[in-house]
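Below: the structure, in structure tokens.
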Amino acid sequence: MMKAFRAESPISALYAEDDPEYWDAMLTSIFAGRGAVFIEDGKGLLLSMVYPSIWSGKVFGLHELAWYVYPQHRGGTTGYRLVRAYVDFAKGLKDSGRIAYFTLSKMVSSPAMKYEKLGFKKVDENWLQ
């Protein structure tokens with residue numbers, strides 16, 4: 001699924017990059033408790049990771065790294081169920097004090113969804129060259 005996600009990414013510099021050692025290390029870290037992967041088998045996934053803020057190594061956030069639904073499953077509830085599982089997980093981490101915040105990205109190719117209904121507020125935009 002991640003290769004399908006990458007193939008649809010507007011970041012063309014990533015298309016040809018394969019680094020299995022890095023990918024394995026990142027997944028091992030996530031599965032060891034540094035994040036979570038939410039999957040609807042054969043339909044989609046949401047990959048997330050906890051890491052410190054750039055301002056303090058003591059303040060952690062959970063960041064959505066990839067949120068992907070296969071094209072044939074878009075327009076249904078798969079994407080919403082994945083993000084709902086992520087939000088519920090993140091709220092648990094936040095309530096326990098493990099993280100101070102959590103993020104959800106919206107790429108130009110992302111569906112039009114009301115992030116505010118899930119409690120998010122827009123704080124920035126990223127531009128790529």
Side-chain angles (χ1 to χ4, degrees):
M1 273 191 235
M2 288 302 296
K3 287 188 178 184
F5 173 76
R6 179 178 63 186
E8 290 186 41
S9 170
I11 306 172
S12 60
L14 301 177
Y15 294 167
E17 290 300 318
D18 273 320
D19 189 344
E21 294 81 17
Y22 174 77
W23 182 248
D24 288 347
M26 183 177 66
L27 284 178
T28 298
S29 177
I30 289 170
F31 291 136
R34 194 169 169 211
V37 180
F38 305 93
I39 298 175
E40 282 213 19
D41 198 26
K43 293 183 178 182
L45 65 73
L46 192 150
L47 179 71
S48 63
M49 183 178 254
V50 172
Y51 50 90
S53 85
I54 62 167
W55 307 110
S56 172
K58 297 175 185 176
V59 178
F60 291 85
L62 179 69
H63 300 267
E64 168 262 323
L65 303 176
W67 178 23
Y68 181 76
V69 175
Y70 281 116
Q72 65 270 28
H73 296 289
R74 295 176 188 163
T77 60
T78 299
Y80 174 79
R81 286 194 306 269
L82 290 167
V83 77
R84 181 83 254 165
Y86 168 75
V87 167
D88 291 345
F89 175 75
K91 283 182 177 179
L93 292 180
K94 193 173 176 183
D95 290 347
S96 73
R98 177 146 183 243
I99 62 170
Y101 61 92
F102 54 99
T103 67
L104 187 61
S105 301
K106 183 175 187 316
M107 293 174 60
V108 294
S109 59
S110 295
M113 186 174 118
K114 299 213 181 279
Y115 290 75
E116 297 86 0
K117 285 188 173 186
L118 292 166
F120 290 94
K121 63 181 175 182
K122 184 177 178 179
V123 296
D124 64 11
E125 291 185 27
N126 291 299
W127 297 79
L128 179 70
Q129 183 173 359

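The first residue in the sequence is number 1, and the count goes up from there. All values below were derived from every heavy atom in this structure, side-chain atoms included, with hydrogens, water molecules and symmetry-related copies excluded.
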Of the non-hydrogen atoms in G57 and P52, which two are nearest, and what is the gap between them?
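In terms of heavy atoms, the two residues are closest at CA-CB, 3.9 Å.
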
So how far is it from [X] [atom1] to [Y] [atom2], rounded to the nearest 0.5 Å?
| X | Y | atom1 | atom2 | result |
| --- | --- | --- | --- | --- |
| L27 | M2 | CG | CE | 8.5 Å |
| L62 | L93 | CG | CG | 6.0 Å |
| I30 | S48 | CD1 | OG | 6.5 Å |
| I39 | L46 | CD1 | CG | 10.5 Å |

Residue list, side-chain contact (heavy atoms from CB on, under 4.5 Å) with P71, at least two apart or on another chain
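Per chain and number, P71 pairs via side-chain contact (heavy atoms from CB on, under 4.5 Å) with E8, Y68, R74.
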
S29: partners by side-chain contact (heavy atoms from CB on, under 4.5 Å), with sequence neighbours left out:
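Partners of S29 by the side-chain contact (heavy atoms from CB on, under 4.5 Å) criterion, ordered by chain and then number, come out as R34, M49.
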
Considering only Ile, Leu, Val, Met, Phe, Trp and Tyr, and joining two whenever side-chain heavy atoms are under 4.5 Å apart, list the other residues clustered with I54.
W55

Once side-chain hydrogen bond (donor to acceptor under 3.5 Å, both in side chains) is applied, do any residues pair with D88, and if so which ones, sequence neighbours excluded?
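Scan of D88 (side-chain hydrogen bond (donor to acceptor under 3.5 Å, both in side chains), adjacent residues dropped) gives R84.
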
N-O pairing of E40 and R81 below 4.0 Å
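So E40 pairs with R81 through a salt bridge.
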
Under 3.5 Å, sequence neighbours excluded: what are the donor-acceptor pairs made by side chains of residues 97-104?
from, atom 1, to, atom 2, distance (Å)
R98, NH1, G33, O, 3.1
R98, NH2, G33, O, 2.7
T103, OG1, H63, ND1, 3.1

K43 vs L82, side chain to side chain contact (heavy atoms under 4.5 Å, CB included): CA-CA, chis, key distance, verdict
CA-CA 10 Å; K43 293 183 178 182; L82 290 167; over 6 Å; no

Going hydrophobic residue to hydrophobic residue with side-chain gaps under 4.5 angstrom, can you get from V123 over to V87?
no

Which pairs, with at least one residue in residues 80-100 and sequence neighbours excluded, count as a ring-ring contact (aromatic ring centres under 6.0 Å, His included)?
F38-F89

